[in-house]
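Working notes, beginning with the structure itself.
Chain letters run A, B, ... following the sequence lines, proteins first, then strands; residues in each count from 1.
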Protein chains: 2
Amino acid sequence: MNENDTVIYLVDDDQSVLEALGSLVRSIGLKVACFSSAYEFFDAVSTRARGCLILDVRMPEMSGLDVQKKLSELGDELPIIFISGHGDIPMAVKAIKAGAVDFLTKPFREEELLSAIRTALQIDIEASENLNEIEDIKTHYATLSFREKQVLPFILKGLLNKQTAVELGISEATVKVHRHNLMKKMSVNTLPDLVRITQRLDLPSHKI
Amino acid sequence: MNENDTVIYLVDDDQSVLEALGSLVRSIGLKVACFSSAYEFFDAVSTRARGCLILDVRMPEMSGLDVQKKLSELGDELPIIFISGHGDIPMAVKAIKAGAVDFLTKPFREEELLSAIRTALQIDIEASENLNEIEDIKTHYATLSFREKQVLPFILKGLLNKQTAVELGISEATVKVHRHNLMKKMSVNTLPDLVRITQRLDLPSHKI
DNA sequence: TATTTAAATAAACTAAGGTTTAGTTTTTGT
DNA sequence: ACAAAAACTAAACCTTAGTTTATTTAAATA
């Protein structure tokens, strides 16, 4: 499965709903993957799938809300649109609070679903871009040596190289070299840039 | 009205509901302010009120969702708990999407409301603290002179003082003085601190 | 095992930043 | 209109940062 592919995942235990929604979504030129149960969906789809998930709330064995919870636990941020035939308000509230894009009640107009899909795909694109940027930064951070990782938080706190040198029991010249090398490895040219990109990481130093 | 006061604002056109909820909330030691209509509420309450708002969705003239929208337009972030007798799912979804803390359906258990209130007050405290911090930063920023405001974005971009001097057609020495003075006025000691606090402002330079 | 590669160290030198002092202009308040 | 305060300017001096080069040590690889 191509990771860059945008797919609308449909999960509903009612085959006729699956087919109807499937052709609706295909009619606007989007790729569709249909599943009759949550298990089928989890078996077939990698956690890095991109697109969005249209989910029936009431299904045997594993409900839509259960799927939402499990996806969240897997760290997947695939946007979810719920559809329900006999849902109630507490269910809808729980779903939206947990980050669902929408919660549609049957019968709904086609345009309602299509609008929700557009919103979901937009959210997915932005989340995906954000995640990629953070992954990039993490990749750079991972190339830092032990000393460079040690020096970084002192820089971010605004300590002078001289002060950092005392903290680590090494010479100021050495701190300067570590600083220089870590800037290169993080691929930033300026201190403000270093501050900004490291804020998108959750370094131990941020917790202090 | 004391701005630091935490008050639970109750708005419901049903007087008996108002009294029942009022005494429930009072019973756990919280201050209550009751209103029979949205207009009464808006007339009596300043936009800087702190606490939370318990709002009936269905009311004559101005509905709960209208109140939510108007509060939001006023820039007020007072957390809202909706209660409804005859609400539907789309209504609940709309409310939660717009940031409501909860959407309770009558009849609800007392503990449900109290739990929602605790959540709402916690959210309010955090939003309030955040807002105060941003206000502080804005206050500091407002004391900057024209030149200091001009120099700031160049610092944040990581330009050398020499480069900033060329950009502004002044000497490097002057840039250094402006830089020194703006650091003092923003009450930060280090460049990383300056970067971090100014990120909480929406300066024009951030948009470029 | 020998060889290479990466990491840590630090001195020397160059460039930039920070601070102080001071002169000039502009604004503000009496 | 005058005095005081604030803003803008800039030079001089000192401190800190950045860069280059080099040595030592440790780890990975042929």
What pairs with B/Ser72 under side-chain contact (heavy atoms from CB on, under 4.5 Å), at least two apart in sequence or on another chain?
-> none

Can you tell me if [X] and [Y] form a side-chain donor-acceptor pair at under 3.5 Å?
X: B/Ser63; Y: B/Asp66; answer: yes
X: B/Asp193; Y: B/Thr190; answer: yes
X: B/Gln150; Y: B/Arg147; answer: yes
X: A/Gln163; Y: A/Glu167; answer: no

Look at the side chain of A/Arg147 and decide which nucleotide, out of D/dT16, C/dA8, D/dT9, has an atom nearest to it.
->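 Taking heavy atoms from C-beta onward, the closest nucleotide is C/dA8.
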
Between D/dA17, C/dA8, D/dA10, which nucleotide gets closest to the side-chain atoms of B/Thr174?
-> D/dA10

Taking [atom1] from [X] and [atom2] from [N], how many angstroms apart are they, rounded to a whole number?
X: B/Glu148; N: D/dT9; atom1: CD; atom2: C1'; result: 13 Å
X: B/Gln150; N: D/dA7; atom1: CD; atom2: C1'; result: 13 Å
X: B/Leu160; N: C/dG17; atom1: CG; atom2: C1'; result: 10 Å
X: A/Lys184; N: C/dA7; atom1: NZ; atom2: P; result: 12 Å
X: A/Leu168; N: C/dA10; atom1: CG; atom2: C1'; result: 15 Å
X: B/Phe146; N: D/dC8; atom1: CZ; atom2: C1'; result: 12 Å
X: A/Asn181; N: C/dA10; atom1: CG; atom2: P; result: 15 Å
X: A/Leu191; N: C/dA15; atom1: CG; atom2: P; result: 21 Å

Ion pair check, [X] and [Y], cut-off under 4.0 Å:
X: B/Asp102; Y: A/Lys97; result: yes
X: A/Arg118; Y: A/Glu111; result: yes
X: A/Asp5; Y: A/Arg50; result: no

In B/S/- notation (B base, S sugar-phosphate only, - none; protein heavy atoms under 4.0 Å), nucleotides 18-24 of chain C written 5' to 3' is BBB----

For B/Ser145, report the nucleic acid contact type (base, sugar-phosphate, nothing); a contact means any heavy atom under 4.0 Å.
->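 Sugar-phosphate only.
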
Which part of the nucleic acid, if any, lies within contact of B/Lys185, taking any heavy atom under 4.0 Å across all strands shown: a base, the sugar-phosphate backbone alone, or nothing?
-> sugar-phosphate

A/Ser171 side chain N/O closer than 4.0 Å to the phosphate oxygens (OP1, OP2) of C/dA10?
->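 Answer is yes, contact under 4.0 Å.
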
Please work out which of the three classes, parallel, tilted or perpendicular, describes the rings of A/Phe41 and A/Tyr9, given edges at 30° and 60°.
-> perpendicular

Terminal axes of the helix from C/dT1-D/dA30 to C/dT30-D/dA1 (five pairs each): angle between them, nearest 10 degrees | 40°

